[in-house]
Peer 1: 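Here you go, one structure.
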Amino acid sequence: MGPLQMTELSPIEEMCIENVAEFCLHESCDIEEYEALVNQLEEQRDHFIRHVANVESLLQRLQDSNHPENNPDEVDKLIADIKDTLKTKSQVSP
């Protein structure tokens with residue numbers, strides 16, 4: 001079985017972790033609390049790294065796709081074809 005996929009923390013969960021982190025920075029935490037806190041923050045960091053990588057990959061794929069709007073010559077040809085089609089239809093209609 002692979003590693004569990006971490007999901008994004010809710011704002012309340014994030015606030016709780018921040019509060020514990022502040023407490024540990026200014027007071028004393030036992031080693032288990034400290035390690036758990038570090039693990040949770042590392043898991044969140046890794047989650048966001050994966051998420052950003054996925055978004056950037058999707059964005060790059062979309063930008064690299066061969067849509068006519070990415071090529072001005074293709075856009076001009078598409079507009080000309082549409083005009084020709086409309087012109088032909090208006091000439092055929094009574």
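All heavy atoms count here, side chains included; hydrogens, waters and symmetry mates do not.
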Peer 1: Rounded to the nearest 0.5 Å, what separation is found between the CZ atom of R45 and the CD atom of Q40?
Peer 2: 13.5 Å

Peer 1: State the CD-CG distance between E33 and L37, to the nearest 0.5 angstrom.
Peer 2: 9.0 Å

Peer 1: Considering all heavy atoms of both residues, which atom of C29 and which atom of F23 are nearest to each other, and what is their separation?
Peer 2: SG-CD2, 3.8 Å

Peer 1: Please indicate whether F48 has more than 12 foreign heavy atoms, meaning atoms of other residues, nucleotides or ligands, lying under 6.0 Å from its CZ.
Peer 2: yes

Peer 1: Counting only heavy atoms not in L25, do more than 12 sit closer than 6.0 Å to its CG atom?
Peer 2: yes

Peer 1: Between atom CD1 of I12 and atom CD of E14, what is the distance when rounded to the nearest 0.5 Å?
Peer 2: 11.5 Å

Peer 1: Would you give the length of the straight line joining atom NE2 of H47 to atom CD of E42, rounded to the nearest 0.5 angstrom?
Peer 2: 15.5 Å

Peer 1: Just so I know, are the side chains of E13 and I17 near enough to count as touching, which here means a heavy-atom distance under 4.5 Å?
Peer 2: no

Peer 1: Determine, stepwise, if the pair K77 / D81 fulfils salt bridge (charged side-chain N to carboxylate O under 4.0 Å, His left out).
Peer 2: CA-CA 6 Å; K77 183 180 178 334; D81 289 346; 3.0 Å; yes

Peer 1: Distance from L41 atom CG to Q44 atom CD, nearest 0.5 Å?
Peer 2: 8.0 Å

